[in-house]
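Hydrogens, waters and symmetry mates play no part in the numbers below; they use all other heavy atoms, side chains included. Chain identifiers are assigned alphabetically (A, B, ...) following the order of the sequence lines, protein sequences preceding nucleic acid strands; residue numbering begins at 1 within each chain.
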Amino acid sequence: MDEGTKYFLQLLISGLAVGSLYALVALGFVLIYKATNILNFAHGEVMMIGGLVCYLLLTAFSIPFIWATLITLVFALFFGFLTERVILRPMIGQPIFAVVMITIGLSIFLRSLSGIVFGHHNKIFPSPFSETPINFKGLVLSHTHIWIMIISALLVLMLALFFKYSRTGLSMRGVANDQDTAMLMGISVKRVFALTWGLAFAIAAVAGIFLSNVMVLNIGLSLVAIKAFPAVILGGLESVPGAIIGGLTIGVLETIVGGYLDDMMPGAKELTAFVVLFLVLMVRPYGLFGKSEIERV
Amino acid sequence: MLRVNNIQVVYNDVILVLKGISLEISEKGKVALLGANGAGKTTTLKSISGIIRSQNGELEEGDIEFLGESIGQKDPDEIVRKGISMVPEGRRIFDDLTVAENLVIGAHIRTDRSCIKEDMDRVLTYFPHLKIREKQRSLFLSGGEQQMLAIGRGLMCRPRLLMLDEPSLGLAPMVVKEIFGILERINREQGTATLLVEQNARIALHFAEYGYIMESGKVVLDGPAARLMENDDVKEFYLGVTKDDQKKSYSEVKHYKRRKRWLS
Ligand SMILES: Nc1ncnc2c1ncn2[C@@H]1O[C@H](COP(=O)(O)OP(=O)(O)O)[C@@H](O)[C@H]1O
Ligand SMILES: [Mg+2]
């Protein structure tokens with residue numbers, strides 16, 4: 001393999017790893033939007049809090065990584081239930097604009113609160129993954145990237161099975177499809193909403209934990225979610241596969257652009273997501289997998 | 001089995017839509033609820049199924065009793081569990097789901113998961129059209145098939161009472177005939193009581209044993225279906241026939257006025 005190809009593959013793989021994380025964030029975002037029609041602008045903060053809580057468990061309590069992760073997931077699940085119950089349920093029937101403003105308020109509140117609780121300094125996340133890279137036919141792969149891809153793929157697979165075969169998963173799809181009719185099936189829409197928020201928050205927490213492994217862990221981590229927005233819109237707000245493909249696409253393109261252009265044009269990497277989004281929306285205004293009309297009767 | 005007792009329903013705290021409706025269905029009975037557009041038929045069904053509150057409606061007066069128990073203020077999921085299933089107006093199938101998934105979701109409240117497959121097969125014997133499309137996304141069904149799916153889905157919770165909101169709407173006469181044949185069979189074989197809302201009075205009164213006729217939120221006439229069909233006013237305004245058997249338009253102003261007089 002010549003150096004050029006090797007460099008490209010290298011970029012591709014780290015792009016896929018980063019993209020998997022964008023995909024997870026986008027996925028949580030889409031789940032909430034599909035079921036409740038709410039754009040949750042606090043999603044990035046939830047992700048960051050996932051990273052911070054796991055960090056706290058690892059450093060202050062010296063809990064092994066697996067357990068710290070599981071505890072963080074349970075925490076995120078209940079955090080989602082709580083958010084739905086306390087902040088969003090009272091907003092049922094209010095104009096959608098007001099509800100969106102509430103989530104923006106929540107994002108600011110959570111960022112400040114995290115600053116107070118965890119401090120504003122950069123934290124070094126004690127990575128559970130081996131530092132020595134794997135050398136595969138001349139390609140250098142980090143353990144972290146490989147694990148990110150494996151776990152994300154497993155998570156997506158589990159979710160797919162959950163939505164396809166479980167009674168609860170099916171009821172969640174029913175509510176997302178037609179809320180009133182779901183009620184007629186005896187589905188408790190309130191319960192489904194709570195579950196949706198819990199599940200989305202747990203997925204965001206997974207993304208947050210992994211991101212803390214590859215990025216600086218501080219309050220700014222929440223801004224990664226801004227990258228997930230193009231992923232979401234690229235995939236088409238209501239499409240779960242779209243969120244995953246959107247996330248991977250943005251991750252890969254951004255890394256490749258960064259790898260080739262960042263020397264000449266610093267900041268090109270950060271712009272990629274938005275340029276791609278712009279170009280796609282010119283051709284397909286509802287995203288790659290979006291419905292041409294979003295109807296709610 | 002079901003007794004609706006003088007209910008008043010208000011939307012958005014101000015719009016009085018049902019002004020004291022009473023009706024009754026006995027075990028295994030077939031009852032039709034007829035009336036023009038806007039009379040309040042759908043609102044009546046929504047009040048019984050409990051989803052009225054999620055649409056800014058409120059049951060202000062009166063009560064609904066099912067199997068001797070008051071259900072007027074219960075949540076929709078509890079009411080489904082008590083044995084009342086509703087097939088909504090406009091079919092409202094879950095078009096993101098497959099045909100089979102639509103049936104499974106209809107059985108959401110059931111705990112005897114192992115029997116669901118059996119029931120699904122039974123429903124599919126009533127609706128063989130659906131059988132061949134089981135794995136397809138339901139968005140691609142024809143109107144008639146969608147109505148069949150909506151009815152099949154409504155049966156999956158093993159209801160004691162099935163409520164249907166205008167199942168004939170927008171369907172070809174042949175399809176309507178087929179669907180009502182199946183509804184007959186279901187009533188006979190499963191013993192499911194049926195409350196049918198229709199604008200098509202002819203087909204509804206042939207199906208039902210008893211009928212109620214609604215006008216602007218009130219029941220203006222009720223009686224055994226055979227007697228209603230003989231009633232001159234019903235003949236003229238709902239069955240669209242005059243003495244010399246000419247077809248008539250519902251909306252003819254002169255007659256509309258006469259109907260009003262007859263109502264008051
Ligand atoms: N959600 C609602 N909010 C306010 N008014 C409603 C609502 N639903 C129905 N109505 C009104 O109630 C009346 C009866 O409607 P409906 O029960 O749907 O009649 P039908 O089914 O007999 O055609 C109509 O005048 C309609 O405009
Ligand atoms: Mg109606």
*asked:* If you count heavy atoms of other groups shown closer than 6.0 angstrom to NZ of B:Lys74, is the number above 12?
replied: yes
Only residue of A:Val240, A:Leu154, A:Leu199 satisfying side-chain contact (heavy atoms from CB on, under 4.5 Å) with A:Leu159 is A:Leu199
**OP:** Starting from the C-alpha separation in whole Å, work towards a yes-or-no answer on side chain to side chain donor-acceptor pair (under 3.5 Å) for B:Thr98 and B:Glu134.
**Re:** CA-CA 7 Å; B:Thr98 65; B:Glu134 218 180 329; over 6 Å; no
Less than 4.0 angstrom from a charged side-chain N to a carboxylate O is my criterion; do B:Glu184 and B:Lys30 meet it?
yes
### Query
If you count the non-hydrogen atoms of other residues, nucleotides and ligands that lie under 6.0 Å from CZ in A:Phe78, is the total more than 12?
no
Tell me yes or no: between the side chains of B:Asn187 and B:Thr192, is some donor less than 3.5 Å from an acceptor?
no
Between B:Arg110 and B:Asp119, does any side-chain N to carboxylate O distance fall below 4.0 Å? yes
For residues 166-173 of chain A against chain B, heavy atoms under 4.5 Å, the residues are A:Arg167, A:Leu170, A:Ser171, A:Arg173
Exercise. Would one find more than 12 heavy atoms of other residues, nucleotides or ligands at under 6.0 Å from atom NZ of A:Lys190?
Worked result: no
Practice problem: Kindly say whether the aromatic ring centers of A:Phe229 and A:Phe41 come within a distance under 6.0 Å. | Solution: yes
Of B:Ile109, B:Ile105, B:Ile79, B:Asp77, the largest count of non-hydrogen pairs under 4.5 angstrom with chain A goes to B:Ile105
By residue number, those in residues 181-189 of chain A with heavy atoms under 4.5 Å from heavy atoms of chain B are A:Thr181, A:Ala182, A:Met183, A:Leu184, A:Met185, A:Gly186, A:Ile187, A:Ser188
So, the part of B:Glu78 with a heavy atom under 4.5 Å from chain A: the answer is neither
Would you please classify the geometry between the A:Phe201 ring and the A:His43 ring as parallel, tilted or perpendicular, with 30° and 60° separating the classes?
perpendicular
The interface call for B:Val87 against chain A, heavy-atom contacts under 4.5 Å, is neither
Paired with A:Thr36, the side-chain contact (heavy atoms from CB on, under 4.5 Å) test is passed by just one of A:Leu39, A:Ile32, A:Asn40, namely A:Ile32
